Protein chains: 4
Amino acid sequence: VSGLSLSLFGAVFAHGELARGLDDAALLQALLDVEAGLARALARAGLVPPSAAEAVTRAARAASFSSAELAAAAVAAGNPVPALVKALRAALPPSAAEAVHTGATSQDIVDSALMVLAARALPALTNDLAAAAAACARLAEVHRGTIMLGRTLLQPATPITFGLKAAGWLHALDTARVALRELGRTQLLLQFGGAAGTLAVLGARGVEVARFLAEELELREPIMPWHTQRGPIAAWAGGLGGCAAAIGKIARDITLLAQAEVGELREAGGEGRGGSSTMPHKQNPIASIAAVSCTRRAPQLVATLLACAEQEHERAAGAWHAEWEPLLSLWALAGSAAAWLRESLAGLQVDTARMRHNFDALRGLPMAERVAGELAHKLGKAAAQALVRDASLAAAADGGGLQRALAAHADELARAGVSSEELAGWLDPSGYLGSADTFIDRALAAHAQAGHNS
Amino acid sequence: VSGLSLSLFGAVFAHGELARGLDDAALLQALLDVEAGLARALARAGLVPPSAAEAVTRAARAASFSSAELAAAAVAAGNPVPALVKALRAALPPSAAEAVHTGATSQDIVDSALMVLAARALPALTNDLAAAAAACARLAEVHRGTIMLGRTLLQPATPITFGLKAAGWLHALDTARVALRELGRTQLLLQFGGAAGTLAVLGARGVEVARFLAEELELREPIMPWHTQRGPIAAWAGGLGGCAAAIGKIARDITLLAQAEVGELREAGGEGRGGSSTMPHKQNPIASIAAVSCTRRAPQLVATLLACAEQEHERAAGAWHAEWEPLLSLWALAGSAAAWLRESLAGLQVDTARMRHNFDALRGLPMAERVAGELAHKLGKAAAQALVRDASLAAAADGGGLQRALAAHADELARAGVSSEELAGWLDPSGYLGSADTFIDRALAAHAQAGHNS
Amino acid sequence: VSGLSLSLFGAVFAHGELARGLDDAALLQALLDVEAGLARALARAGLVPPSAAEAVTRAARAASFSSAELAAAAVAAGNPVPALVKALRAALPPSAAEAVHTGATSQDIVDSALMVLAARALPALTNDLAAAAAACARLAEVHRGTIMLGRTLLQPATPITFGLKAAGWLHALDTARVALRELGRTQLLLQFGGAAGTLAVLGARGVEVARFLAEELELREPIMPWHTQRGPIAAWAGGLGGCAAAIGKIARDITLLAQAEVGELREAGGEGRGGSSTMPHKQNPIASIAAVSCTRRAPQLVATLLACAEQEHERAAGAWHAEWEPLLSLWALAGSAAAWLRESLAGLQVDTARMRHNFDALRGLPMAERVAGELAHKLGKAAAQALVRDASLAAAADGGGLQRALAAHADELARAGVSSEELAGWLDPSGYLGSADTFIDRALAAHAQAGHNS
Amino acid sequence: VSGLSLSLFGAVFAHGELARGLDDAALLQALLDVEAGLARALARAGLVPPSAAEAVTRAARAASFSSAELAAAAVAAGNPVPALVKALRAALPPSAAEAVHTGATSQDIVDSALMVLAARALPALTNDLAAAAAACARLAEVHRGTIMLGRTLLQPATPITFGLKAAGWLHALDTARVALRELGRTQLLLQFGGAAGTLAVLGARGVEVARFLAEELELREPIMPWHTQRGPIAAWAGGLGGCAAAIGKIARDITLLAQAEVGELREAGGEGRGGSSTMPHKQNPIASIAAVSCTRRAPQLVATLLACAEQEHERAAGAWHAEWEPLLSLWALAGSAAAWLRESLAGLQVDTARMRHNFDALRGLPMAERVAGELAHKLGKAAAQALVRDASLAAAADGGGLQRALAAHADELARAGVSSEELAGWLDPSGYLGSADTFIDRALAAHAQAGHNS
């Protein structure tokens, strides 16, 4: 069965339940499910016999059809539906064959099938996001007091805790998950409008059949057909793009913290995980790297979908077709990324000693802001900033540490009434964490509210 | 005052209230407003004297500062805030100068200022969208019965009404507007975390000051700082991208319907509007063309913002800076597009006779689906489709119309009991509009519910 | 065998020789070819026995390996090479197994395999481009005198010939083809650097083996390994993106000229080509529509590849992997688009009468520029422009044509010495084609120089 | 004067000679230069009096016109040319006014002006690239023997030299520069086609005037007008995008090597360079960070330009306008990035001791590949890989280093005849640099060939 990735690259890009499931068979089944749902909806409206609907439903099994043959036949129309309708009808007795596809146009079937696929993919994605979030929540709780270096512009900033960093990851994942769930409630929309969006074939019964069809497919009935009003596609693009963005940030942090020179995080290894074709010592954090590989491809797929939203008249001449694979790829890549991140977080090894070591190796420099802030009460802000900047530059230049560099300003400090005990206290990061704990609490509370599963 | 577009191109890309307002002065004022709001928040928390907060607020006027000088000074830090803080402090007495920027980091000021700008830009955007939607609603109502050709893949499909087309435009605009309003309620977020997101400078008072600051700026207080969790930026990117997508589709339809060979719509002209530098006869529908010019640039700006969401640690080394202009450009382009579309729709001239003429010129071909559907009751679906396809191809080939082509099948039709009166009735488009009216009603009802202003 | 598109959508997106060939089997074979080429290169350098190289070459057949098993094994390393090397060694006697992959790193194999695939894909692409160009050249020659309306901003401009339009298409296709051929000469580059780009495993023999390997694979030897210097990938991205851009413009023109209301071009039909699932009369120009579907996806794939060029140190942590599928997809989409365009152009039916009819239907308005230009000699430019603008607006408003509208200015024209014969002459488009013929000649000459095959 | 960036952000994004120069005044002057060039070309063809051409040339000074007024007047036409032509004519005596804009259409002026701007911007860009490359060449030469850790997937790989890394940077910059220079030779194209690309206004004299105009503007004369064949724009997009890609990689490497925990590179500081609004100790490598900020925005601008290449008929209804600012922004961002990188490299401080320290801190692990390779001669490849993998994992786990971990396999090594002296020798990185020196030599030779200036 053929999927959205070449098999050999699928190890990275078709990872996890969602992405592995998005293949030809799944698409074919979804297309058939829409045709079958339509037959049942027509039967509920009394427009075709119930027996015909049952026959269509029975026949609508992907395994009964050949993707390859359908694909060959799809060239003429430029989309697979006419060939599929023909094949489905051929597999049915005449009375049931008549019932197939009544009132629909190809786009109704494809768009609705993509929504059915989305509905099926969503739980796997939110489950992986929820599991990743749960891992972050544990890290936030456990490492609430674990001092580490805050880093801005890839340079030392002020102290944070690893719990705070994990809380930031947590809240981003929860926000993305909640947004996707909301899309699941509002944007899993039926498409059903017939040739030009009027449902003319069904006369006055169109909206009734549409309501039944939405029920059959467990999709939401839209205000009107959206053949060339691609708001729902744009909404999913945005949601999946936001999800990938949240994942990519976390995965990037992990790869950076796993650098040998930083050494604060490590992914679980095992069975050649993270190995190389030539270097025996390699233990690459391959789960977070693979997650980044997936998320890097997402933004431009979002752009493709948005660019394709400029659709002409009642059906676009090219832009609609161009959506199909980018939309499914976006699902697959978001799903793969979530599965990789979940794995990475599940086995993450935290080296708290190394976190502290890296902080202490800077010999007080990350506390410069605090020292300046405390001194400002005595010297004024400008003078305090100037003094501490001087000392910081000196400390950075000679590697002797901030405390020693401040000693060069001992007279000024003494005049300001700063004792060396007081100064030493200012250099303790555990007293300079501000609202970190509150932020962790809030993120955990929001997580509890978001719920643990999808 | 310098804006986001070169002036000479700004006629297109800085059109309307929103876009014209997004310039250096507005940004500078927003940055100052955040600093002033912070001073007042600190005063409310008792951390600085009220008089200092008042002094800062009085001093925080864009007109008092030189963008050019600030820009020159901004090179060293890579962002304008340190230079601005220095200039603002220099404009204050020492006691008030001390109050400036306490607890904040540059990113707090810039991110919050961009949110303040967003809050200020949003009403102009939703107003233009609402006005454009109102114009569509009028068209949907007035042209509820105006027959026109439905076009799929840029080829004749089945009949629709212009009212239905306008209803589709209407609902897309309303959906985009409602989504933006929802973002206005949830995603106009304060940024306030200090150097590394702990608000350490403020000790235990950080979250209290954050709450006051959010109130002062009329922004929402987030769960925690989002310095490198760019969900809010991604959400705005998605909302603005979706808005541009909705506009682009409508503007494209107008340019297509305004083609001389189609001639169904025309933009209001006047004062050289749509003129050329060399062709005296030109009356280009310049408003819809300009709208397309704007919307074509939006998808990739969304992609840039999503790609930049992979931000390292506690502040990104490059990706944060890279967001600034694309975000503001996206606002400006969405705003310009909305303003252009509003103008285009406001003066749109509908040639209903031409609509009917274009439909009739196809001599029955757009009714082929209906004829096949009616015949299916008598001949079965497959036979009916085959007969009508034959007739349609013949009609298309000789230009003689469907009715005449069907006459070649007179015997078969007679055997099936189809009278020529019946056949003629099937060729009347007004009887083949299905649920068009219902969809119009629904879109109008949703519009009423969405409200007429933002 | 699994490809880059879902089979059911592959009818559109895996069209033509190039795209159909880019599947798992082709990738696997290319990877194996690189390993086999390396064994032979090592043998030429005397580093492994010739018999080992022969054995590796014999064993390196895609059919002997299971993509699915390799894919499963690829998860651990994040790329397929370690698993492939293991499987290849397992298929060889120990002495030959030792020879496999010596000196190489996974990226050497994947990057070189992608270049081998590119080398194999290029002729199919340039052949299709050459065939499409040849069709355009015929159109340019045959329709050198076929008057049609020039259209700017989708509105009537001045007369052109269809030959000129075809010449523009022709030259764009030739330019893209020549650029791709040039890339074929300069940017089909070997990748061979070993673990960190030093070829350390091969001691002093690295560059010698690299030269032999380049010869074996018929790739160009680079100045140095380009593991994280992605200039060659960016160059191919640019070339393929430019090719897609050239195709997209032509396909869009065809879809616009095939609109029923324009009716100047028609694609060849046949066997349900361009049919619909519900409308029997449909004859969509599906080849040009499918071409647009392909080209719309190309720009963002180029962006992904460019964005991924920011690769860390000696091998990227994510960005390299993220290139694989977008690069191959870009090849496949450019190839599909070229194949579709070739088909569209090969069967294009030109309705020259309709071209003239559409021109004449504007009743002289497209000649307004000429009339103004001629009058300028008598009245001055400003007065002439004003007079003709007045007349044009009147003509457009009442539909009576430019000549009649100019009659309202008969006195002024008479004073200027303009006879009605002279005026009538100015309204003849055949006398107002400027350098059209010269441009056609030049484009044909450049085409002859570019050669007819790749 | 207004530019492409808000002034306050221009410190980052309008850095260096090229970007600072791309403002309203420059655009206005370029537009005027094209009009003046056209007047002179017409005069050379004898179509207007020389005195008129001289008067136009004298009048065509940006300082004589108000961008703001022109911008206001540009709204009607949707591009600035009609307003500019009117203003220019108004500034001239009637006889000269007649000569202005003869034969041209707005797009001729704008496209040619953008090419004139490109021609003016190119030397600044290639100069900065050449200076950055020269800095890299010095680093490559000086640090040809400086051992440092090669890093793949952000993890330790095998030894390289800093000279090799610098050679990689060098060659990427030279390749980008050579490609841009080649574009300068082939793709600085005149646009001149008149209303619909026939130059009809000029009768038989069109191509002659075009040749003269190309000479006047020092642009290349194209085969034919390229109003809607955007190959030249796509070519520049590709070249500038490739340039940004090359810069971004280098800047990213610098920011990573400047991390406190790595500490191998440092940017020159001075005058608050890299400072923070709140942290006195900050010394951010702001030049490389700013370069990344610029390069991150480039790929999507390339995509916008490629997407806009689908232009309808003889002038696009929206897509042409949409190119203007993205193209200029791409120039400005590439130029800013190059200027920032040049600064970063010019002052780069290399800590060779830290490079060695970081390598040694891994206690032999980066030599695992070599040890395995040498042992393979004695134990066979598989056994050697297994042994060294065991030892490497043990060494990584206990931090005791590879040599000690190998001691656990002393018996096996002894049986294989490996002495401890031999083993110690294998752990010396200076003996495991393969072809690094050759690659440096080649990159330096290619640099010499590329020339030191543009």
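Only a predicted model underlies this, so the values are computations on that prediction, with no experimental measurement involved. Letters A, B, ... are given to chains in the order of the sequence lines, protein chains preceding strands, and every chain is numbered from 1.
Residues D:Leu256 and D:Leu154 are in side-chain contact: their nearest non-hydrogen atoms beyond the backbone lie under 4.5 Å apart. At a threshold of 4.5 Å between non-hydrogen side-chain atoms, the residues D:His321 and B:Ile289 count as touching. Side-chain contact between B:Gln191 and B:Val34 is absent, with no heavy-atom pair separated by less than 4.5 Å.
Without hydrogens or angle criteria, B:Ser293 side chain to D:Gly318 main chain gives a donor-acceptor distance under 3.5 Å. Remark: side-chain polar atoms of D:Thr198 are paired, donor with acceptor, to backbone N or O of D:Ala200 under 3.5 angstrom. In this structure, the side chain of B:Ser66 engages the main chain of B:Glu69 through a donor-acceptor pair within 3.5 Å. For the pair D:Arg89 (side chain) and D:Val100 (backbone), a donor-acceptor distance under 3.5 Å is present. B:Glu310 places no side-chain N or O within 3.5 Å of a backbone atom of B:Ala307 that could act as its donor or acceptor partner.
Using a 4.5 Å cut-off between heavy atoms, D:Ala290 does not touch chain B at all. Heavy-atom distances place the side chain of D:Ile286, and not its backbone, under 4.5 Å from chain B. Using a 4.5 Å cut-off between heavy atoms, D:Ala68 does not touch chain B at all. Of the two parts of D:Glu323, neither the backbone nor the side chain holds a non-hydrogen atom closer than 4.5 Å to a non-hydrogen atom of chain B. No part of D:Trp320 comes within reach of chain B, as not one of its non-hydrogen atoms sits under 4.5 angstrom from that chain. Proximity to chain D (any heavy atom under 4.5 Å) is restricted, for B:His101, to the side chain, taken from C-beta onward. Of the two parts of B:Leu28, the backbone and the side chain both hold a non-hydrogen atom closer than 4.5 Å to a non-hydrogen atom of chain D. Contact of D:Val75 with chain B is made through backbone and side chain together, with heavy-atom distances under 4.5 Å. When heavy atoms are compared at a cutoff of 4.5 Å, B:Leu84 does not approach chain D at all.
With respect to chain D, the highest number of heavy-atom pairs below 4.5 Å among B:Thr295, B:Leu333, B:Thr304 belongs to B:Thr304. Listed options D:Ser276, D:Ser277, D:Ala11, D:Ala322 were ranked by heavy-atom pairs under 4.5 angstrom with chain B; first place goes to D:Ser277. Most heavy-atom pairs under 4.5 Å with chain D, from the set B:Thr278, B:Leu8, B:Val292: that is B:Leu8.
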Let me see the working for D:Glu325 and B:Arg297 under salt bridge (Lys or Arg N to Asp or Glu O under 4.0 Å), right down to the final yes or no.
-> CA-CA 10 Å; D:Glu325 291 185 342; B:Arg297 295 171 55 187; 2.9 Å; yes
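A perpendicular orientation is assigned to the rings of D:Phe13 and B:Trp324, their planes being inclined by more than 60° (bins at 30° and 60°).
Taking each heavy atom of B:Ser288 and B:Pro285 in turn, the nearest pair found is OG-O, 3.1 Å.
Between B:Glu312 and D:Arg252, at least one side-chain nitrogen of the basic residue sits less than 4.0 Å from a carboxylate oxygen of the acidic one, meeting the salt-bridge criterion.
At a heavy-atom cut-off of under 4.5 Å, chain D is reached by B:Ala104, B:Thr105, B:Ser106 from residues 104-113 of chain B, listed in order of number.
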